K.L.:
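Below: one structure in structure tokens.
As the structure is a computational prediction, the values presented were derived from the model and not from experiment.
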Amino acid sequence: MTSHATEAVLEELLHRALHATGTGGRWTTETDDLWCRVAPTSGERRRQGWKLHLSATAASAPAVLAKALEVLLPDTSGFKFARSLEQVSALNSRATPRGSSGKFVTVYPRSDADAARLAGELHRATTGLAGPRILSDQAYAPNSLVHYRYGAFVGRRRLSDDGLLVWYFEDPDGNPVEDRRTGAYTPPEWAVSPFPAPAPAAPRAPEAPSRPVVIGGRFSVREAIRHTNKGGVYRGSDVRTGAPVVIKETRPHVEADASGFDVRDWLRAEARTLEKLRGTGLAPEPLALFEHGGHLFLAQEEIPGVPLRTWVAERFRDAGGERYGTEAAAQVALLVDLVAAAHARGCVLRDLTPGNVMVRPDGELRLIDLELAVLDDDAPLPTRVGTPGFSAPERLVDAPVSPTADSYSLGATVCFVLTGKVPNLLDEEPADRPAEERLADWLIACTASVRLPDGMRELVLGLMRDEPAARWTPAVAREALAAARPPGAAPGPVRPGAPADAHTGGRTDREDRTARAVETAVAGVVRHLLDTMAPGEDRLWPVSTRAGESDPCTVQQGAAGVLAVLTRYFELTGDPRLPEVLSTAGHWIADRTDPASARPGLHFGARGTAWALYDAGRAVGDRALTDHALALALAPQQPTPSHDITHGTAGGGLAAVHLWRRTGDARLAEAVADAADRLAAAARREGTGASWPVPAEAVAEEAGKRYLGFAHGTSGIGCFLLAAASVTGRPEDRELAVAAGEHLLAHTVDVGGAAQWPAQTGDVPTAPYWCHGSAGIASFLLRLWRATGDDRFGAPARRAARAVVERASRAALTQCHGLAGNGDLLLDLAEATGDPAHRADAGRLADLIVAEAAHRGGHVVFPNEYGDVSTGWSDGAAGILAFLLRVRHPTEPRHWMVQQPV
């Protein structure tokens, strides 16, 4: 069957059924990329209530739909179904969120009585057909494809307290209740079920056992390691021997293909592989394969230690750059030996990643999660499942099993160990640059922060060649390692302020290369933003919603963040394309922002949007935009218990400082003073320091936590208070900012000369990003040093530069959690200290960003943390463009910060 025929088979079933039953005139149909929606031509659908879901596999979906249509078409309740068999497979994928997995058909009954009646009829019609359990719902009966839950029928969304758009329904009093789609059935207490009481389900491993549960007759489950759509992974013990065990669970029909194979078959394959590797020391010892509650389980020896992914993160954090380089080189040699040993036993791994290798306390490595592994005499399960970035490209299109794919994965894992990351090289259009050439460019850019030991760059490139037959084997890699300089002789990382390249005409060769690359990238990003602006859509620019979706007008992920950066670009270049774009974007935002419902915060709130609108209106001489911006900024803010920059009082106050400096409006100065007063009242004083615990009313599960970072904690709040003092003239505002700085000094951690901080008091140091780590905290301490002259604040700010440079290779590219936000700190340091080394380091971060860019039809795009393309400020092109513009124009101020009087 062709791909087109496969895509159309379900829709054709519907149209044949409509014709056969003569009901075509009673229904309207509408399709998009994912769903086919079928609605009655008469009557209105309820806004919420008990909805029904039917599951299916790719193999059973046509039969399930045909049986369901026999029940649904003579009725009057609307429904939808997955448009294609590919979409059915995606819904059942192991990677699908547990709250949405398996929902092939959704029915919207007209009444509770209809819900109960239709559930029974659909259950009887589909009995005996295959489909996975839907975890967010209650099964109508044991082994039934029919499930039910209470939820919204129509797409109603609202902003949650943390500024994200969420689906909701209403309680009996009309209050909004978030319609949470989780991996558990949790109906609202007031919703009375119309369905027969469900029969007791067969016991299975619990989500989070409160006390040990014995399964398989001998394995006590102590805790869940993780839960995914395919099932859980549990830690426990063998009650016969007391030995620690790991127990893997697989659910029926998850990742089922057209042949009927599913994740249970993979688990059986892993059991066979472990049995054949028994006693080799390469993998865990198998203990038992058994069924429990209809699910398949595999118990195996627990390997003590941590996954290699965790080892890299912890050693990057704790060892310091120079020591880490030596340890990483030694780890590479062990990795090569491990894969060579597996191949020597006829084992092709097919899914080697840093998450599938355990580092034991004695330093030895073990392979885990061998569900895709194939031994010589095994018939491999056909699959395109893999791990992007680590799986060879041909593996992801179901190429025949070959050790050359393991070579690619070994190279990617070696790259991860050496640099902390594998670059996400997005597809290019046209694909003129081979992937291995782009990888080579990225590795060269990495050497500015991580000096690779001799031969390591060649090793990675040899293993990861585009052509499978040209890749190095593990044996060749081992020979190359033996010929290279011993790991102990490897040079350490480049430190901030490392010697520059040879000078040519006042600038180094590297600086010239960076300037040209940044110029090209800026032009391509601007073209991308101009060409993707869509005033007729619900979002002005496309963004990734993988981490949630915020208001389409705000700074964080909305149009205001992009508008602010394009305004700066226009002010710097006078580009004649921009005035019309800025005006269109500004009015699009103004039309969708109501001063009567102004939310607090800078990145998620109204005053951040007002900041962007005012500056855009000022740049193009549009009085209507500046007037709307002031109305938005002066409007009463919705009450908030949050203190921070992104969502709370400090963020609204910082925007008011900026706008007061732009306008001199006394009402904005009053807003600044009011925000400072609120923060003074909420501060917790300890000795000379001050912090702001998260109030229970803000985020109940976070109550009492004291975050240190710029986005959500003390340093962002302190930065506002320092700026507020310049508006209010009150010494107590400045004194409270100093107390915030004292609190941060008390929690500074020195790692190899690099200043780091934990995300919250009491934790280990976190990654050195703007949101929680060194880049954001040092941004405040630097300003505090300049305001007070006290180098106790300046010294850790300067040492933070080492943290962001040493860890640059493993960072994402973006503002919130990546190189753009880190680079802005380095440019701040260069301006404050006059030290050109910081500007050079910022240029090296720009090199890394540009090396991971993708060119698409004249546009330049970047991957975010999830591998998506986004235009947003925090996670996409706008924030990256802002940093690259500062690299080109070093005297430009930083976005969303106010200049401090020195």
K.L.:
So, applying side-chain contact (heavy atoms from CB on, under 4.5 Å) with P863, which one of V869, D868, L813 is it?
P.N.:
L813
K.L.:
Taking the side chain as everything from C-beta on, heavy atoms only, tell me whether F793 gets closer than 4.5 Å to L744.
P.N.:
no
K.L.:
Quick check: do R685 and L736 have side-chain heavy atoms less than 4.5 Å from each other?
P.N.:
yes
K.L.:
Inspect the contact between R798 and D791 and indicate whether a charged nitrogen and a carboxylate oxygen are less than 4.0 angstrom apart.
P.N.:
yes
K.L.:
Can you check whether H895 reaches V565 side chain to side chain, under 4.5 Å on heavy atoms?
P.N.:
yes
K.L.:
Do any pairs count as a side-chain hydrogen bond (donor to acceptor under 3.5 Å, both in side chains) and have a residue in residues 612-632, sequence neighbours left out, and if so which ones?
P.N.:
H587-D622, T593-H628, W611-D615, D615-H658, D615-R662, R623-D627
K.L.:
Among L784, T788, V898, exactly one meets side-chain contact (heavy atoms from CB on, under 4.5 Å) together with L722. Which residue is that?
P.N.:
L784
K.L.:
Indicate yes or no: at least one non-hydrogen side-chain atom of T714 is less than 4.5 angstrom from one of R706.
P.N.:
no
K.L.:
Does atom CG of N175 have more than 12 heavy-atom neighbours, drawn from other residues, nucleotides or ligands, at distances under 6.0 Å?
P.N.:
yes
K.L.:
Answer yes or no: is there a side-chain heavy-atom contact under 4.5 Å between L634 and D665?
P.N.:
yes
K.L.:
Which residue in the set D644, D733, V657 passes side-chain contact (heavy atoms from CB on, under 4.5 Å) when paired with F720?
P.N.:
V657
K.L.:
Assess whether salt bridge (Lys or Arg N to Asp or Glu O under 4.0 Å) is satisfied between E170 and R158, documenting all intermediate values.
P.N.:
CA-CA 12 Å; E170 294 177 349; R158 64 187 294 271; over 6 Å; no
K.L.:
Mind listing the side-chain donor-acceptor pairs of residues 880-890 below 3.5 Å, one per line with the distance, residues two or more places apart or on another chain?
P.N.:
residue	atom	partner	partner atom	Å
R886	NE	E892	O	3.2
R886	NH1	D824	O	3.4
R886	NH1	D824	OD1	2.9
R886	NH1	D828	OD1	3.3
R886	NH2	D828	OD1	3.0
R888	NE	E519	OE1	3.3
R888	NH2	E519	OE2	3.4

K.L.:
Give me the atom names and distance for the closest heavy-atom approach of R599 to S160.
P.N.:
NH2-O, 2.8 Å
K.L.:
By the ring pair (Phe, Tyr, Trp, His ring centres under 6.0 Å) test, which pairs, at least two apart or in different chains, include something from residues 749-774?
P.N.:
H603-W770, Y707-H772, F710-W770, H712-H772
K.L.:
Heavy atoms, side chains only, cut-off 4.5 Å: are S774 and Q756 in contact?
P.N.:
yes
K.L.:
Check whether more than 12 heavy atoms from other residues, nucleotides or ligands sit under 6.0 Å from atom CZ of R667, and answer yes or no.
P.N.:
no
K.L.:
Taking atom CZ of R678 as the centre, report whether more than 12 heavy atoms of other residues, nucleotides or ligands fall under 6.0 Å from it.
P.N.:
no
K.L.:
Between T554 and F604, which heavy-atom pair has the shortest distance, and what is it?
P.N.:
CG2-O, 3.5 Å
K.L.:
Could you tell me whether the side chain of L164 reaches within less than 4.5 Å of the side chain of S550, counting heavy atoms only?
P.N.:
yes
K.L.:
With a 4.5 Å heavy-atom cut-off, do V764 and P758 have their side chains touching?
P.N.:
no
K.L.:
To check you understand the geometry: which heavy-atom pair defines the closest contact between G821 and A775, and what is its length?
P.N.:
O-CB, 4.2 Å
K.L.:
Where do A754 and R802 come nearest, in terms of heavy atoms and distance?
P.N.:
CB-CG, 3.9 Å
K.L.:
Hey, which of R783, R839, R894, R786 is the one that makes salt bridge (charged side-chain N to carboxylate O under 4.0 Å, His left out) with E831?
P.N.:
R786
